[in-house]
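Throughout, protein chains are lettered first and strands after them, A, B, ... in sequence-line order, and every chain is numbered starting at 1.
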2 protein chains.
Amino acid sequence: MEQDHGVQSRSHSRPTAVSIYDIARRANVSPSTVSRALENHPRIGAETRKRIQELAREMDYVPNAVARSLIANRTWTIGMVLATIADPFMGRVVEGVEHVAIEAGFNVFVSTSQNDPQREIAVMKMLKQRRVDGIIVIASHLFDQYPRLFYRSKTPVIVINEQKPPSDAMHFVSVDDIREAYRAVEHLLKLGHSRIGYIGVTNRPKSNQHRLQGYREALQAASIPIDPALIIVPEETQDHMRIGEISLEPLLTAGATAVFCYNDAVAIGLLSACSKRGLAVPEDLSIIGFDDIDIAAYTVPPLTTVRQPRFQLGQRAMLMLLAILDGQEPENEIVPGELVIRQTTARPASDQARRQAHIPLRPVDVR
Amino acid sequence: MEQDHGVQSRSHSRPTAVSIYDIARRANVSPSTVSRALENHPRIGAETRKRIQELAREMDYVPNAVARSLIANRTWTIGMVLATIADPFMGRVVEGVEHVAIEAGFNVFVSTSQNDPQREIAVMKMLKQRRVDGIIVIASHLFDQYPRLFYRSKTPVIVINEQKPPSDAMHFVSVDDIREAYRAVEHLLKLGHSRIGYIGVTNRPKSNQHRLQGYREALQAASIPIDPALIIVPEETQDHMRIGEISLEPLLTAGATAVFCYNDAVAIGLLSACSKRGLAVPEDLSIIGFDDIDIAAYTVPPLTTVRQPRFQLGQRAMLMLLAILDGQEPENEIVPGELVIRQTTARPASDQARRQAHIPLRPVDVR
DNA sequence: ATACTGTGTGCAAACGATTGCGCATATCGG
DNA sequence: CCGATATGCGCAATCGTTTGCACACAGTAT
């Protein structure tokens, strides 16, 4: 077996910074006095304290957090692991985490797995070697393996947006993908659609599966049979917008009048394809997304979507972490989403036509 | 003076992990033997080595990187400081940095300043306390103060997208905002526009100023006087898309037929406002953005913009850092952008009308 | 004078690993 | 059989801090 150290590399030594020894020498005191003076220990004379603090500033002393972490057996650091920083979903979640972390005196460092399970393992390993006090993971690719990998781990791990914890040892905070997807499709059904499509992705297998399940359950509840031709999950690309774009044609040939997209990025790609093809949204096709990323309010037309409380997800995750670090055993949490109805969903065209035909006397609403 | 430690907090001790001492005890050897066995030192007997490595695995030994960093005087870590992780510009840059960092055996940790100069200082301080081997900063808010703050710092700092280094001690890799902005506006001029607007932002003062300067220079080169009414820099919000949205009206009253936007987010907001107001793009208004974020190819219509080579920016920055860590003195770099012409720019309507009027015999191109 | 109580400071151990050096023991050539 | 070389492992110092304890000295009460 080869022990994997992960954070090693051959190279030459760096210039060494000024330490409390250097200060002690110049001040003619012992290092311990310097240490105490710098943190305002009461038993240090006011005179000495002042002299040392001034010296420290003059000499550009920067306390060495790694030495401190070694002795304290903690790093006041929490690591975040994202699939990619480029996902517009992540931004507010990280802000939520940082918001409470800073308050509590922790620093957060984010790393990415680049959507690669191997790298996710490597990153988790690295964070443990660096002795972060806790880890928050979003959109994991190997959650199922966590019990095996981290069962005996002392580093607490919180997972955001994972639905079914395979083990009690894991903690999570999530929105309920199945339920929120259900409500999105339900909205389409209420508008009168019955030919509703789903566009899914392959690089988020778990949540894709759950949102698809919510879609199915909603249709079944409305006694509409599932038509496989209406479920599109392109395999040839990881790019969500591209996925939306290339899914339009198959959806059209399957006769869809409305589409529930895995997320807003997919919806944006679909929107773009509609425009290029001369299809009017929502008149010719209703579209609903998921996430409510910032840009969703500024698409043309503005996107109807399911909002995930992203900031809150981050906040709650960090709060759970703090609780664990405090020796408590927090409950897992499901936070509710919210249907944000903007302008990409409407009654199906056939339905509108029917209504017009049945009420010929009432003046047509041009809006 | 109060010495600021920054990475401290009161709290109780964490469970201590297994160390090489624990392994040594169980294996009846000395800690040094364990250390050498784990890193496959040749002078350790094959028998002993194997026994120790198996024990280490059994006992879930995770090497302590902080102890290692202490003795090695390096952390194999580089810190990245972003204004916010939510900016779609950042994603590929971080990927570029990570790509070469991983190759070189470094881990990268990203932190955010939340667009707050105070926090940016705090983050830089924290990174130095943690003894990262280098720092890469994007969209700094206090670059001008860096010489004062970091002049005597031993931690190398690379700044991405800062134009004028106030000191030789700083390193940077950038695209030339002035030149790229010039070319964007030039494109508009070549199409026949003369009433060209600019929409700027306040939370990126330096680059905003430079892009505005490029705009000015392009107009001057075309002998078109600068009209202040065409330069909109809303102060009431930090949200770039919102800025684009609220800038449409003043631009219209100023008689603009084309707009150069600070970045793609602004352009997207403007696009949205046009749609709501019933304005056709590019027929009624030409729009050009900056950055070429992923979504720019999927707006309605697809956005003409100036591409920044984001991945490359990150790559080059990390390569410069490696060079410095290797004792070299790298040159600063300016990497070229690229005008990406999509479908939000066209000849001005008046111009089109004139052409049609002058060539009445040729059939009108309906496209 | 003695015994106390504060003050102000230093000693030395610890945190978990790495590493130069030295000490055994085994092996080998002559 | 002796010196030389190779092999296998341990001792102890080191990295930069923190911190329990002891010590020295001053002032005060007895």
Q: Considering residues at least two apart in sequence or located in another chain, which fulfil the salt bridge (charged side-chain N to carboxylate O under 4.0 Å, His left out) criterion with A:Arg36?
A: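 A:Arg36 satisfies salt bridge (charged side-chain N to carboxylate O under 4.0 Å, His left out) with no residue once adjacent residues are dropped.
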Q: Which nucleotide in the set D:dT18, D:dT14, D:dG16 lies at the smallest distance from any side-chain heavy atom of A:Thr16?
A: D:dG16
Q: Considering only nitrogen or oxygen atoms on both sides, find all protein atoms under 3.5 Å from nucleotides 20-24 of chain C and state each distance.
A:
| residue | atom | partner | partner atom | Å |
| --- | --- | --- | --- | --- |
| C:dG20 | O6 | B:Arg36 | NH2 | 2.8 |

Q: Looking only at side-chain N and O atoms, does A:Arg68 come under 4.0 Å of OP1 or OP2 in D:dT18?
A: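 So the side chain of A:Arg68 is within the cut-off, an N or O lying under 4.0 Å from OP1 or OP2 of D:dT18.
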Q: Partners of A:Phe89 by ring-ring contact (aromatic ring centres under 6.0 Å, His included), sequence neighbours excluded?
A: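 So A:Phe89 forms no ring-ring contact (aromatic ring centres under 6.0 Å, His included) with any residue.
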Q: Suppose we screen for ring-ring contact (aromatic ring centres under 6.0 Å, His included). Which residues come up paired with B:His99, at least two apart in sequence or across chains?
A: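 Per chain and number, B:His99 pairs via ring-ring contact (aromatic ring centres under 6.0 Å, His included) with B:Phe311.
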Q: Between C:dG16 atom P and A:Asn64 atom CG, what is the distance in whole Å?
A: 16 Å
Q: Within the side chain of B:Asp22, is there an N or O that forms a donor-acceptor pair under 3.5 Å with the backbone of B:Ser19?
A: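 Checked: pair present.
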Q: Round to the nearest Å and state the distance from A:Ile71 atom CD1 to C:dA13 atom P.
A: 14 Å
Q: For B:Ser69, which contact category applies under a 4.0 Å heavy-atom criterion: base, sugar-phosphate, or nothing?
A: nothing
Q: Taking atom CZ as the centre, does A:Arg310 end up with more than 12 heavy-atom neighbours from other residues, nucleotides or ligands that are less than 6.0 angstrom away?
A: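 Yes, the 6.0 Å shell around CZ holds more than 12 heavy atoms from other groups.
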Q: Taking C-beta and beyond as the side chain, do A:His171 and A:Leu321 meet within less than 4.5 Å on heavy atoms?
A: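 With C-beta onward as the side chain, the pair stays apart.
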Q: Is there a side-chain contact between A:Ile138 and A:Val81 (heavy atoms, below 4.5 Å)?
A: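 A:Ile138 vs A:Val81: side chains apart.
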Q: How do B:Val66 and B:Thr33 order along DNA chain C: which one's closest nucleotide is nearer the 5' end?
A: B:Val66
Q: For the helix from C:dA1-D:dT30 to C:dG30-D:dC1, what angle separates the axis at the start from the axis at the finish, each from five pairs, in steps of 10°?
A: 60°
Q: Salt bridge check: are A:Arg92 and A:Glu95 linked by an N-O gap of less than 4.0 Å?
A: yes
Q: Is a side-chain N or O of A:Asp326 found less than 3.5 angstrom from the main chain of A:Gln328, in a donor-acceptor match?
A: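 Not a single qualifying donor-acceptor pair exists.
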Q: Among residues 18-31 of chain A, which ones have heavy-atom contacts with DNA chain D below 4.0 Å?
A: A:Ser19, A:Ile20, A:Tyr21
Q: What is the separation between atom CD1 on A:Ile44 and atom C1' on C:dT7, rounded to the nearest whole Å?
A: 10 Å
Q: Taking A:Ala83's backbone N and O only, do any of them form a donor-acceptor pair with A:Asn115's side chain (distance below 3.5 Å, no angle check)?
A: no
